[in-house]
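What follows is a set of notes on a single structure, which appears directly below.
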Amino acid sequence: MVAFRRDLHQHPELSGEEQRTAEAVVAALAELGIEGRRVGATGVIADLPGPGPVVAIRADTDALPIHEDTGLSFASVNAGVMHACGHDGHSAMLLGAAALLLENPAPTAVRLIFQPAEETGDGAQSMIDAGALDGVCAIFGGHLDRSYPAGTLAISEGAVNASTDEFTLTLKGKGGHGARPHTAKDALLAGAVLVTTLQTVVSREIDPGQPAVITVGSFHAGNRPNVIAGSAVLEGTARAHDHGVREALLAAIERQARAVAAAQGVEVDVDIRRCTPPLRNPADGAALAWQIAEAVGATPVPFDVTNMGGEDFARYLLHVPGCYIRIGGDPGGESHPAHSSRFDFDEAALPHGAAWLAECARRGSQLAR
Ligand code: NI
């Protein structure tokens with residue numbers, strides 16, 4: 001697992017471009033005597049035969065557009081691309097789980113899903129569209145987490161990741177001279193009002209007990225001190241743990257955008273892009289994941305973080321039960337979070353993740369509904 005992980009780490013590929021990675025996965029599976037098949041552009045699926053139903057275990061394989069600054073001996077050789085989220089580790093764990101399942105097979109069929117393009121939020125859906133869940137009764141996966149030491153698995157039922165929708169609000173007014181505002185329609189001012197108003201959605205419209213975030217991350221308008229801006233473009237993200245809260249946020253963003261535009265006398269284009277849904281672990285899936293963590297000698301702890309990050313594993317759980325956990329991998333020393341140019345994890349996490357995934361494959365059919 002360490003050698004495989006380091007090879008992937010040294011040769012990271014961006015979402016949707018995981019050609020070498022997919023070839024490396026197929027080759028490593030072949031060394032174990034497992035036939036992996038390429039799915040879509042850069043996905044890989046391998047089926048371990050057995051009676052139905054099928055239990056799926058999944059890893060993601062993609063890297064990020066970040067220039068690595070770790071100084072590791074196996075640091076990225078692809079300038080500007082880095083495994084800064086640990087997906088190299090996830091892939092290695094799934095390969096390790098495959099080896100464990102050859103030694104001690106599951107009583108049912110098992111499907112290994114090496115999924116590309118998690119970071120862009122569309123890889124899981126592409127695998128589902130290609131039939132990855134056909135015949136599947138349950139699915140399991142996990143993410144490395146530097147907040148916990150190797151050997152600790154953080155597990156909770158309910159939401160462990162948020163929805164990650166994006167919006168672009170384009171305000172169109174009428175440019176003019178900064179000295180004569182009455183002859184113009186100031187799109188910049190309308191944008192400023194809208195940024196402020198959007199911050200009332202979470203504070204005034206959402207149950208305080210429900211996690212929700214609206215962030216406007218970019219605002220472009222105007223380019224001269226004495227010219228009134230004729231257009232303004234706001235971009236942002238909306239996040240929620242609850243499916244209903246998600247819908248309320250998206251509806252409120254559109255309503256506020258149209259209302260502010262009308263009040264300010266400008267036009268608005270509203271573009272809302274649905275990305276990943278909230279990732280919610282069903283209670284039975286989380287309970288089984290916890291039992292399995294204990295059974296494989298890991299230390300389960302509750303995942304008691306209000307995590308507003310996204311994870312496209314959520315899409316699988318819309319169709320089948322299962323569980324998504326956090327796999328402790330704190331390497332010690334200075335803290336460099338995921339998506340940092342100095343991110344690394346403790347490779348001692350690999351056997352724990354592999355053992356947990358393999359045992360999920362063996363017991364997962366308990367969740368069949
Ligand atoms: Ni990740």
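As the structure lists them, so they are numbered: ligands from 1, and atoms in each ligand from 1.
Relative ring orientation between His90 and His143 is described as perpendicular, the plane-to-plane angle rising above 60° on a 0-90° scale split at 30° and 60°.
If you run side chain to side chain contact (heavy atoms under 4.5 Å, CB included) between Ile139 and each of Val54, Ile57, Val55, Leu317, only Leu317 comes through.
For the Ni ion (ligand 1), the count of nearby protein N/O/S atoms, taking only those under 2.8 Å, is 3.
Note that Arg5 lies in the cation-pi zone of Phe345, set by a 6.0 Å cut-off to the ring centre and a 45° limit from the axis.
Listed by first and then second residue, the side-chain hydrogen bond (donor to acceptor under 3.5 Å, both in side chains) pairs that reach into residues 99-113 are Asp47-Arg111, sequence neighbours excluded.
Other residues, nucleotides and ligands contribute over 12 non-hydrogen atoms within 6.0 Å of the CD atom of Glu247. No more than 12 heavy atoms of other residues, nucleotides or ligands shown are found within 6.0 angstrom of CD on Glu267.
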